[in-house]
Amino acid sequence: YRFVGGVDEAGRGPLAGPLVASCVILLPQMTLSGLADSKKLSPARREHLFEAIVHSAFSIGISIVSEKMIDCVGIQTANIYAFREAVAHASRSHAPDYLILDWLTLPGIHLPSISTSHAESKSWSVAAASIVAKVFRDRLMRDDYDPFFPEYGLASHKGYGTLAHRENMKQYGLAPCHRRSFCRAFTKRTGE
């Protein structure tokens, strides 16, 4: 296989904001020093690698699934949808010959593929997809969500259930950016 697409997501667990998935197809001879699971990299290192990936990858596809869709279909279905859409977007110029997926399988996909746990530590293309998805989502939360909902501090915690975020939810209630299905325990306590 010459063109291998790696697929991963960011934002499965937050209380607010979207899920972002990415498919990155790297050229066979391409090497990027320092590629690793985005969770193991500092924000500055992720940003640096993001720019390097964007400028040197053969193809990149990104999918954004809103908090509303997550609430409607559930996180698993939303994640599968996001993976499919990211692969479709990356395939616009040239479809990958093979896919490596982090953890999820894509039923009915017409490409050879493998799904494996911790794929971002086993595949450069999945590590690259992990970085692209994480940086893209972090920027979205900082630049697009935080200005609309500044009282929640989304730029700092990116919608995850930190103590500060939970305290802000207690004070201000839930905003349209919150995943209602993820905040059930909170809504039971506050009566929202």
Side-chain angles (χ1 to χ4, degrees), residues 6-24 32 34-57 60-76 78-79 81-83 85-86 89-90 102-103 120 126-192:
V7 189
D8 202 0
E9 91 287 318
R12 261 186 82 94
L15 302 177
L19 174 77
V20 174
S22 174
C23 176
V24 175
L32 279 173
L35 276 181
D37 178 1
S38 65
K39 293 182 280 302
K40 296 179 180 176
L41 300 170
S42 71
R45 186 70 183 142
R46 280 195 302 263
E47 286 282 343
H48 173 76
L49 285 167
F50 175 86
E51 296 301 329
I53 294 162
V54 166
H55 288 97
S56 57
I60 297 174
I62 294 174
S63 174
I64 304 168
V65 176
S66 74
E67 54 280 346
K68 303 293 183 259
M69 184 172 173
I70 293 167
D71 283 341
C72 287
V73 302
I75 191 65
Q76 185 73 358
N79 207 156
Y81 174 84
F83 271 26
E85 191 173 59
H89 290 313
D102 183 45
W103 188 69
E120 60 278 292
V126 178
S130 169
I131 292 164
V132 168
K134 174 69 173 150
V135 171
F136 192 92
R137 185 181 188 280
D138 284 357
R139 288 179 178 182
L140 197 62
M141 295 304 291
R142 181 192 68 212
D143 300 339
D144 296 333
Y145 278 70
D146 190 66
F148 280 101
F149 310 104
E151 63 275 16
Y152 294 96
L154 299 171
S156 64
H157 55 66
K158 314 301 186 281
Y160 285 89
T162 63
L163 179 60
H165 188 189
R166 289 178 185 277
E167 290 299 319
N168 290 336
M169 289 167 62
K170 285 179 190 171
Q171 183 176 355
Y172 300 109
L174 298 183
C177 64
H178 285 104
R179 301 174 184 179
R180 298 304 199 257
S181 57
F182 281 52
C183 299
R184 286 194 179 116
F186 173 79
T187 56
K188 286 177 186 172
R189 284 195 311 269
T190 61
E192 265 192 47

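Residue numbers start at 1 and run along the sequence shown.
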Residues 8-21 side chain polar contacts: donor-acceptor under 3.5 Å, at least two apart:
{"from": "Arg12", "atom 1": "NH1", "to": "Asn79", "atom 2": "OD1", "distance (Å)": "2.5"}
{"from": "Arg12", "atom 1": "NH2", "to": "Gln76", "atom 2": "OE1", "distance (Å)": "3.4"}

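Side chain of Arg179 to main chain of Glu67: no donor-acceptor pair is present (N/O by atom type, distance under 3.5 Å, no hydrogens or angles). With hydrogens and angles disregarded, a donor-acceptor distance shorter than 3.5 Å links the side chain of Arg46 to the backbone of Leu41. Checked by atom type and distance alone, the side chain of His89 never pairs as donor or acceptor with a backbone atom of Ala86 at under 3.5 Å.
Remark: Lys68 engages Ser66, Pro176 in a side chain to side chain contact (heavy atoms under 4.5 Å, CB included) (not counting sequence neighbours). With sequence neighbours excluded, the residues forming a salt bridge (charged side-chain N to carboxylate O under 4.0 Å, His left out) with Arg139 are Glu47, Glu51, listed by chain and number. Shown here are the side chain to side chain contact (heavy atoms under 4.5 Å, CB included) partners of Ala57, two or more places apart in sequence or in another chain: Val24, Leu26, Ile53, Ile60. Here Asp138 pairs with Lys134 under the side-chain hydrogen bond (donor to acceptor under 3.5 Å, both in side chains) rule; sequence neighbours left out. Judged as a side-chain hydrogen bond (donor to acceptor under 3.5 Å, both in side chains), and not counting sequence neighbours, His157 has no contacts. Contacts of Ser181 classified as side-chain hydrogen bond (donor to acceptor under 3.5 Å, both in side chains), with partners at least two apart in sequence or in another chain: Asp71. With sequence neighbours excluded, no residue satisfies side-chain hydrogen bond (donor to acceptor under 3.5 Å, both in side chains) with Glu120. Listed by chain and number, the residues in a side chain to side chain contact (heavy atoms under 4.5 Å, CB included) with Ser156 amount to none (sequence neighbours excluded).
Residues Arg45 and Gly34 approach most closely at NH2-CA, 3.6 Å, considering heavy atoms. When all heavy atoms of Asp37 and Ser130 are compared, the closest pair comes out as OD1-OG, 3.5 Å. Pairing each heavy atom of Leu49 with each of Ile131, the nearest pair is CD1-CD1, 3.9 Å.
Atom CG in Leu154 sits 6.5 Å away from atom NE2 in His178 (nearest 0.5 Å).
Among pairs with a residue in residues 144-162, none fulfils salt bridge (charged side-chain N to carboxylate O under 4.0 Å, His left out), at least two apart in sequence or across chains.
Within 6.0 Å of OH in Tyr81 there are 12 or fewer heavy atoms belonging to other residues, nucleotides or ligands.
The aromatic rings of Phe149 and Tyr152 sit perpendicular, their planes meeting at an angle over 60°, well past the 30° parallel limit.
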